[in-house]
Structure formats: structure tokens, C-alpha cells
2 protein chains.
Amino acid sequence: MSSIKIKIQLVANDNIAMGPGKADLLEAIQQKGSISAAALSMEMSYKRAWDLVSIMNKSFKQAIIATAVGGDKGGGAQVTEFGLQILAQYRAIEAKANLAVEGETKALMRMLIDC
Amino acid sequence: MSSIKIKIQLVANDNIAMGPGKADLLEAIQQKGSISAAALSMEMSYKRAWDLVSIMNKSFKQAIIATAVGGDKGGGAQVTEFGLQILAQYRAIEAKANLAVEGETKALMRMLIDC
DNA sequence: TCACGTTATGTTTATATGAATATAACGTGA
DNA sequence: TCACGTTATATTCATATAAACATAACGTGA
């Protein structure tokens, strides 16, 4: 199988502040309500998910994810309003970029051996 | 420093048939006339450059790079007409995708800490 | 025939990345 | 007070990636 992936990466201080993986993680956290549940649903270790969250929070001017430790259900995490804006903007860029080069990418794919 | 990179990757059989690194390598080979000189100019090992060339040639329907071993100056390599077409198409996609989301990416960058 | 620079390929070593494991701290409810 | 599920963090282990090194084969010109 062949495919073309357009990967938009937001790089700050040699860290990827936002990319496809982090965007997916944000969506999972928003849906699950915790980093650990999100990591589990993505078959990712909690440590890795936490590290990614940490990079995001340290890269942007405001927090992307708000976490709570202890309490009723042990704690949890949610995407902040600011984080949702970043996420939406990122997804919009992804979609727009893909649409802009749709025809050209198909032409390129046709030149691949298994297409 | 912060920046946004839009990385277009052409994936075939779990290999990246074309991406920013391979496109740069193609241009260097075209300019230098050999894989080894191109690798040297990019501070890349010959082995790595050769492996990348091999992946490209195996991924597309026609050869991207034609190589010659032995002879006058030991041999050499050049980008084929087909390879030049692939390269041009790839660069066109890169430029078009970047242009399409220029405004949005600048807005995203402004939300980074060091921007 | 020999030297040369290159392609072509394998092997070993180092580095970066992610996985796995472990543990402390936290705050609510029972 | 204690159990619970989660955040937060460190450490070790495994794997993937890239670098380094080595070497054979090739064809032309000297």
C-alpha cells in the first residue's frame, strides 16, 4: 500500500510543540478525562503521554492541559480552552494543506511501484 | 527560535519513498555528479546516502538515479529525467502546501512562548 | 598491469528513542 | 484512618536509527 502523509510540525526550541501524535493525544485526553486513560486507549505508556503533555505545556504561552492530582477519582486532566484553540487551528491547517495539494499528491502516488 | 515545518512524506511499503531529506539528496547528486560527493557536501556518510538512493529506486516505477561504476573518474551518479520530474513535483507540493496555510501557521507561531 | 575514485555491501559501534518498571505524593470518600 | 486512581518522576531495559569502519568490484587511463 502507498499513501502520502502531510505532516505539519510546530517546532519550538528543538521540541515539537505540536504534531499529529500530540494532536491525537489531546483529543484522547479531552475524551477520556485523564492522561492515563488516554494513554491506555492509544496503547501508549503513561510516561510517554505525560512527557508529551509536559512538552506541550512548556512550549506555549498558556497551558494546553490542566491536571489535577488526588481527589475523588484520583485526579484527572482536561484540555484547556486555549488548548482547544490550538488543536482546532492545527487540525484546520492539516485539512487545508491536504486539500491544497490533493491533485498533485495523487499524481505522485501513481508513480509509485505499488499504486 | 520557533518555526513551523510542513513535512510531506511519500510512504510506500513502510518506506519513505520521498521526503525533505531525500529531495535534498537528489539535488546534491544532480549538482555533484556522484553519490559520494553529494554525501560529503551534506555531511552524510556514503553508506547512508546510498541506502536512501536504493530506497528511492526501489519505490518508484522507474529509476530515480542512474549510477555507473568504474571508468574514467571511478564512476558516478545522475538523476534521471523521471527523477527530475518526481523532484519537481515534490517541491511544487511543498511550496503549495506552505503557501496555502501561511496565515494560519503564523497565527499558531504567535502562541508559542519564544515567538 | 596498476592506480584511482566510485559504486556496492556488510559489520560493528554508538546514540537516540521508546517501553517497562518502580515509587512517591496527592485529595476525596468510605 | 485507609483505600483508591491519578499525577509526577526516576531508573533500567530494549529497540530502532544512524555513524564508523572495512572491503570487494568495477572500468578507464596512464
Side-chain angles (χ1 to χ4, degrees), chain A residues 5 7 9 11-26 28-59 63-80 83, chain B residues 5 7 9 11-26 28-59 63-80 83:
Chain A
K5 292 181 184 175
K7 192 185 283 189
Q9 291 178 322
V11 178
N13 284 353
D14 292 334
N15 281 329
I16 301 174
M18 186 59 57
K22 294 194 182 68
D24 290 347
L25 179 59
L26 280 187
I29 291 172
Q30 183 187 19
Q31 190 192 338
K32 300 289 182 180
S34 80
I35 296 174
S36 66
L40 190 66
S41 76
M42 297 178 71
E43 295 180 26
M44 176 187 293
S45 71
Y46 169 79
K47 168 110 169 72
R48 174 154 171 69
W50 188 90
D51 285 345
L52 295 176
V53 166
S54 175
I55 288 173
M56 284 191 269
N57 276 341
K58 280 190 278 193
S59 300
I64 299 292
I65 292 191
T67 61
V69 54
D72 190 0
K73 297 187 174 171
Q78 59 178 356
V79 183
T80 64
Chain B
K5 293 181 184 174
K7 191 185 283 189
Q9 292 179 323
V11 179
N13 285 354
D14 292 335
N15 281 329
I16 300 174
M18 186 58 59
K22 293 194 182 68
D24 290 348
L25 179 59
L26 280 187
I29 290 172
Q30 184 187 19
Q31 189 193 337
K32 300 288 181 179
S34 81
I35 296 175
S36 66
L40 190 67
S41 75
M42 297 178 71
E43 295 181 24
M44 177 188 291
S45 72
Y46 169 79
K47 169 112 169 69
R48 175 154 171 67
W50 188 89
D51 284 345
L52 295 175
V53 166
S54 175
I55 288 173
M56 284 190 271
N57 275 341
K58 280 190 277 192
S59 300
I64 299 293
I65 291 191
T67 61
V69 57
D72 191 1
K73 298 187 174 171
Q78 59 179 356
V79 183
T80 64

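Just so it is clear: chains get the letters A, B, ... in the order the sequence lines come, proteins before strands, and each one is counted from 1.
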Can a side chain N or O of B:T67 be found less than 4.0 Å away from OP1 or OP2 on C:dA8?
yes
Considering every strand and a 4.0 Å limit on heavy-atom distances, what is the contact class for B:A37: base, sugar-phosphate, or nothing?
nothing
Between D:dA8, C:dA19, C:dT7, which one does the side chain of A:Y46 approach most closely?
D:dA8
How far does the helix from C:dT1-D:dA30 to C:dA30-D:dT1 bend, going by the axes of its first and last five pairs, to the nearest 10°?
10°
Phosphate OP1/OP2 of C:dA8: any B:W50 side-chain N/O under 4.0 Å
yes
Quick one, B:L26 and B:M56 - any side-chain contact, counting heavy atoms below 4.5 Å?
yes
Phosphate contact (C:dG5 OP1 or OP2) by B:S34 side-chain N/O below 4.0 Å
no
Just wondering, more than 12 heavy atoms not from A:Q78 lying within 6.0 Å of its CD?
no
Does a side-chain heavy-atom distance below 4.5 Å link B:I55 with B:K22?
yes
Pick the nucleotide of DNA chain C nearest each of A:G70 and A:M44; which residue has the one closer to the 5' end?
A:M44
Which one, D:dT28, C:dA19, C:dT28, comes nearest to the side chain of B:D72?
D:dT28
Among C:dG10, D:dT9, C:dG18, the one nearest any side-chain atom of B:K47 is C:dG10
A:K22 NZ to C:dG18 C1', in whole Å, measures 13 Å
On a heavy-atom basis, which atom in A:L25 and which in A:A38 lie closest, and how many Å separate them?
CD1-CB, 4.3 Å
Selected nucleotide, minimal atom distance to A:I35 side chain, candidates C:dG10, D:dT7, C:dA19:
D:dT7
Result for 5'-nearest mapping on DNA chain C, choosing between B:G75 and B:D51, is B:G75
Mind listing the closest non-hydrogen atom pair of A:S41 and A:A28 along with its distance?
OG-CB, 4.1 Å
Ignoring backbone atoms, test whether B:S54 places a side-chain nitrogen or oxygen under 4.0 Å from the OP1 or OP2 oxygen of C:dA8.
no
Pair B:L52, B:M44 - check side-chain contact (heavy atoms from CB on, under 4.5 Å), show working.
CA-CA 11 Å; B:L52 295 175; B:M44 177 188 291; 4.1 Å; yes
Shortest non-hydrogen pair, A:K32 vs A:A37, comes out as CB-CB, 3.7 Å
